[in-house]
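These notes concern the structure reproduced below.
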Amino acid sequence: MKSDKWYFQGDEGEFILENPHKTSYLYFPLANEAGLMASITPSLHGDIKAGQNSFLTVPVSAEDLHISRAGRDFWFYIDGTGPWSAAGHFPRQEVDTLDDCGEEVKLTAGFLWHKVLRENRRIGIRVEITNFVPVNDDKVELMKVKITNLRAEKIHITPTGAVPLFCRSADNLRDHRHVTSLLHKISTTTFGIEVKPTLLFDERGHKVNEVAYGVFGAEGGGIPPVGFFPLVEEFLGEGGAFHRPEAVVKNPDVLHKAGESLEGYEAVGALRFRRTTLAPGESRSYIMVLVINEEGPAAGPAGKYCSEEAFDYFLQENKDFWRKKLSALQLHLRDSEYSHWLKWVALQPVLRRIYGCSFLPHHDYGRGGRGWRDLWQDCMALLVMEPADVRELLLNNFAGVRFDGSNATIIGSKPGEFVADRNNISRVWMDHGVWPFFTTRLYLEETGDMEFLLTPQTYFRDDRIMRGREKDHSLRPEDGNKLRQKNGEIYYGSVLEHLLVQNLTAFFNVGPHNKIRLEGGDWNDAFDMAGEKGESVAFTAFYGWNLLELGNLVCALQEQTGRKEVELAREIGVLLDTVTGQINYDSVREKQKLFADYLEMCRDKISGEKIRIRLKDLARDLRRKGNWIIEDIKATEWLTDSNGQQWFNGYYDNDGQRVEGEYPTGIRMTLAGQVFTLMGGAADDGRAPALIAAVNKYLYDPVVGGYRLNTDFKELRLNLGRCFGFAYGHKENGAVFSHMVVMYAYALYEKGFVREGYRVLNTLYRLAVNFPVSRIYPGIPEYFNIKGRGMYHYLTGSASWLLLTLRRQVFGIRGLWGELKIEPKLVKEEFTQAGEAAIRTVFAGKELEIVYKNPQALDYGQYVIKNVMVNREKINIETDRRSIVLPKKFLEKLAPGKVHLVEIELG
Ligand code: G1P
């Protein structure tokens with residue numbers, strides 16, 4: 001089958017793409033939980049690393065992918081024909097690579113392996129190159145190259161595998177690239193080439209390097225290479241290049257044998273294998289092992305992989321591992337392409353846990369780790385994918401909260417690892433406080449684990465104080481990173497207290513229009529130039545919703561545990577003004593004063609004293625604040641333009657001016673301003689249809705077929721953010737930004753606009769799978785640019801949000817403090833031809849396969865729940881016809897370790 005896009009084959013999400021090399025910027029992730037992170041392209045380009053400071057190969061950005069240098073390669077010198085590259089390099093300069101020399105290329109990829117088949121009929125050979133990362137503790141990428149002779153006569157080949165080695169920090173790409181090559185100690189072993197730099201070298205100081213790198217290899221049967229070309233200079237020859245290396249083109253004898261030492265040069269893992277003869281139809285395999293080892297010589301972990309048998313064994317293990325991991329959430333709806341596509345989406349949160357927001361070719365920023373909001377949002381999906389670890393993960397994350405409501409800026413790669421900011425990033429993102437509650441609430445709803453709210457945790461403390469406005473020069477490294485109380489002891493407060501700190505401080509931290517200050521930015525990282533007078537109405541609405549929901553949670557805490565009071569830090573009493581001395585919420589001045597007093601009180605230490613507060617009073621205070629926000633937004637931010645369109649203003653700029661509305665240059669509108677006001681309830685009084693109509697009119701782009709993040713402001717807004725310097729339609733300036741679009745869909749479903757929610761989600765799917773335009777592999781990218789190309793693939797929070805939206809809204813699987821509420825919001829197009837839609841998911845530790853049956857092909861709104869069968873037995877359960885609740889006791893009785901079938905008949 002020939003196709004102009006990828007297509008799925010089998011049941012495991014495997015896909016095939018013909019001529020993948022004819023699409024630029026394609027890359028695929030190869031990684032494991034131990035932290036090896038690689039990217040690979042159809043021409044075997046990409047890079048391999050374990051972190052910012054340990055790149056095995058040269059770090060690449062998206063634009064480097066079409067520069068033919070420094071990728072993985074494997075060459076065959078064929079007697080009578082000359083050199084031929086399995087990566088698709090054409091050594092003769094006169095050859096136009098765009099015409100492929102008549103080669104046929106086919107990519108097959110699965111979880112998480114990558115295979116390229118390249119066939120050259122003219123020369124009469126075919127190679128299959130398979131790459132993957134074994135799923136164990138080794139930081140190793142494996143590559144198998146299998147060559148087959150397609151000629152009617154025998155051929156003589158000389159194989160040479162070649163992976164250029166970088167072996168240092170990505171910083172050294174431009175910072176002393178040459179000088180750092182002088183640190184290289186290079187040695188040859190029986191199976192390959194090892195590089196261990198002497199020092200880690202930069203201007204801040206030099207340390208002894210402990211990381212070893214290497215490229216090793218063997219023939220399929222385990223026979224080692226016959227020799228090596230470890231130095232780039234010698235491998236390329238004078239005037240040579242990586243796509244035309246002299247050591248291959250001229251096919252000289254090897255220069256170095258095992259057991260040699262060299263130093264002070266750029267290295268390449270170039271391994272020469274025995275010259276051999278292939279009979280017609282005969283195949284031969286070669287294994288390459290690409291290693292980063294932080295605990296000894298690189299050759300250490302390499303040995304066990306140096307044969308075809310080992311390669312195949314570890315590949316199978318890899319496939320089994322990912323199949324099992326992804327089986328935790330399986331969705332079957334619409335058709336098989338959609339269901340398979342969703343498998344790739346389900347992989348994405350796991351990838352972001354491994355890669356953070358750096359380390360794939362588009363993500364050429366950051367130094368590893370990930371941002372605070374990403375950490376929490378990814379947990380939403382991990383809650384479903386990896387539920388066992390989530391409690392610990394969430395608890396650890398709370399240790400990053402500062403007592404002023406902000407949080408640690410630098411988040412390490414291990415759970416709960418927060419690093420003091422020594423890079424002088426004093427930015428505080430005002431949205432950071434909303435996400436922990438959102439995620440924690442989901443956890444509590446699913447598990448009913450109310451005790452979690454009372455679990456003690458520390459607070460983060462570094463030299464950034466007063467919400468980043470001041471620096472504490474007195475802090476010494478030995479003081480550590482935990483908040484202390486007046487008597488010097490480390491202070492602990494409950495998880496609930498952490499949530500209160502984040503949401504209550506936000507309530508008082510307002511700007512001139514009584515909306516929460518924008519500070520260094522909100523979800524839109526690029527609204528970063530309105531730190532003084534800017535305000536985010538969008539996230540004020542989100543905080544308002546949080547405060548209301550926190551109020552509900554506090555009531556649930558009382559109901560579920562019988563507890564009437566909680567202990568909180570004395571300082572928090574100030575923020576609970578309903579209880580301790582009410583202020584006028586309409587007064588910006590009074591709010592700002594209260595907040596300033598609070599910040600002063602917790603400037604460096606806190607008292608350590610606790611107050612007891614009744615849960616009833618706490619809930620009342622929270623609801624009062626939440627309601628005030630929502631009512632205030634309704635009263636002040638609802639806009640009407642001359643077309644009669646109505647929507648919410650989402651922002652104020654650094655001059656204190658309203659951002660959205662009708663301007664001489666056109667309409668100014670943001671999607672964020674609509675998403676969170678809708679989600680937070682500001683449009684509950686009948687305004688939602690108008691808001692949706694305005695979004696459709698101003699933000700939906702019918703040409704591309706997607707919802708844009710904002711309209712074109714046609715102005716460089718130095719009083720709002722850097723994104724207005726970006727070309728319109730790209731990234732945070734008006735791209736179809738998946739993350740915000742999915743959150744919009746979520747809000748629509750939440751408010752009962754099911755058909756509209758479906759329409760919105762569907763736009764993203766259609767864009768993503770339209771390969772001739774989007775040019776990405778299956779999955780959801782961060783955004784689609786003005787031409788509809790998928791950008792920043794894989795590492796995006798939109799994957800978590802999409803899974804959450806499908807599970808919680810579309811399939812309607814929702815926890816009620818440990819009970820299971822099921823309320824489908826599927827439209828008729830989402831049922832398969834057989835009239836079914838199914839989800840396999842874990843709830844309260846039990847694996848459930850929930851199948852909706854809609855034999856009459858009814859739409860949402862037309863069907864009601866008619867029958868419920870569990871494990872083929874009809875159960876009598878109360879239903880309001882739209883939803884059912886499976887009680888905790890019922891769920892507890894289901895046997896563990898089995899998949900339980902829940903069939904729900906709709907009619
Ligand atoms: C990215 C960042 C996220 C940020 C967003 C908008 O989104 O990861 O933190 O809020 O850009 O600036 P993502 O890649 O998760 O879709």
Side-chain angles (χ1 to χ4, degrees), residues 29 62 345 347-382 397 400 407-411 425 427-436 438-439 518-530 536 538-539 542 650-651 670-673 675-676 706-710 720-726 730-746 764 767-768 776 779-785 790-805:
V345 175
L347 171 74
Q348 291 183 237
V350 183
L351 290 178
R352 207 158 73 156
R353 180 165 58 63
I354 296 173
Y355 286 83
C357 298
S358 312
F359 303 135
L360 282 177
H362 274 125
H363 303 76
D364 53 359
Y365 47 68
R367 304 170 61 82
R370 55 213 153 129
W372 178 259
R373 73 173 75 84
D374 302 333
L375 186 74
W376 287 94
Q377 290 174 83
D378 290 348
C379 278
M380 301 185 317
L382 300 178
N397 290 352
N407 52 267
T409 327
I410 304 174
I411 297 156
I425 306 171
R427 249 175 106 176
V428 170
W429 288 265
M430 65 79 72
D431 67 308
H432 278 185
V434 298
W435 307 107
F438 195 82
T439 307
L518 185 54
E519 301 180 302
D522 65 4
W523 171 89
N524 191 333
D525 268 347
F527 276 8
D528 56 353
M529 296 170 88
S536 169
F539 277 86
F542 202 151
Y651 292 92
T670 67
L671 186 55
V675 169
F676 300 110
Y707 289 87
R708 298 202 170 282
L709 201 48
N710 50 270
L720 192 51
R722 74 182 136 120
C723 58
F724 294 102
F726 303 162
H730 296 265
K731 222 167 186 329
E732 279 96 347
N733 186 17
V736 174
F737 210 100
S738 310
H739 198 162
M740 192 53 73
V741 177
V742 181
M743 291 194 283
Y744 179 47
Y746 185 94
L764 288 177
L767 284 167
I776 50 168
I780 186 165
E782 180 179 277
Y783 71 93
F784 298 91
N785 74 12
M791 304 292 291
Y792 292 72
H793 197 8
Y794 296 112
L795 309 181
T796 159
S798 50
S800 293
W801 270 91
L802 180 52
L803 298 172
L804 177 76
T805 307

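Remember, it's 1-based here, ligands and their atoms both numbered in the order they're listed. Along the sequence shown, residues carry numbers from 1.
Taking the six-membered ring for Trp and thresholds of 30 and 60 degrees, Y746 and W801 have ring planes more than 60 degrees apart, a perpendicular arrangement. Ring pair F438/F542 is perpendicular by interplanar angle, where above 60° counts as perpendicular and below 30° as parallel.
The main-chain N or O of I780 is found under 3.5 Å from a side-chain atom of Q348 such that the two form a donor-acceptor pair. D528 contributes a side-chain N or O that, together with a main-chain N or O of R722, makes up a donor-acceptor pair within less than 3.5 Å.
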Dump the pairs for me: ligand 1 N or O, protein N or O, distance under 3.5 Å, to 0.1 Å.
{"residue": "ligand 1", "atom": "8 (O)", "partner": "R352", "partner atom": "NH1", "Å": "3.4"}
{"residue": "ligand 1", "atom": "8 (O)", "partner": "D374", "partner atom": "OD1", "Å": "3.3"}
{"residue": "ligand 1", "atom": "8 (O)", "partner": "D374", "partner atom": "OD2", "Å": "3.2"}
{"residue": "ligand 1", "atom": "9 (O)", "partner": "R373", "partner atom": "NH1", "Å": "3.0"}
{"residue": "ligand 1", "atom": "9 (O)", "partner": "D374", "partner atom": "OD1", "Å": "2.8"}
{"residue": "ligand 1", "atom": "9 (O)", "partner": "D374", "partner atom": "OD2", "Å": "3.4"}
{"residue": "ligand 1", "atom": "10 (O)", "partner": "R373", "partner atom": "NH1", "Å": "3.2"}
{"residue": "ligand 1", "atom": "10 (O)", "partner": "W523", "partner atom": "O", "Å": "2.6"}
{"residue": "ligand 1", "atom": "10 (O)", "partner": "W523", "partner atom": "NE1", "Å": "3.3"}
{"residue": "ligand 1", "atom": "12 (O)", "partner": "W523", "partner atom": "O", "Å": "3.2"}
{"residue": "ligand 1", "atom": "12 (O)", "partner": "D525", "partner atom": "N", "Å": "3.2"}
{"residue": "ligand 1", "atom": "12 (O)", "partner": "E732", "partner atom": "OE2", "Å": "2.4"}
{"residue": "ligand 1", "atom": "14 (O)", "partner": "E782", "partner atom": "OE1", "Å": "2.5"}
{"residue": "ligand 1", "atom": "15 (O)", "partner": "R352", "partner atom": "NH1", "Å": "3.0"}
{"residue": "ligand 1", "atom": "15 (O)", "partner": "H739", "partner atom": "ND1", "Å": "3.4"}
{"residue": "ligand 1", "atom": "15 (O)", "partner": "G797", "partner atom": "N", "Å": "2.7"}
{"residue": "ligand 1", "atom": "16 (O)", "partner": "H739", "partner atom": "ND1", "Å": "3.3"}
{"residue": "ligand 1", "atom": "16 (O)", "partner": "T796", "partner atom": "OG1", "Å": "2.9"}

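Between the OG1 atom in T670 and the OH atom in Y651 there is a gap of 5.5 Å [rounded to 0.5 Å].
With S800 as reference, D378 is the one residue of D374, V345, D378 to meet the side-chain contact (heavy atoms from CB on, under 4.5 Å) rule.
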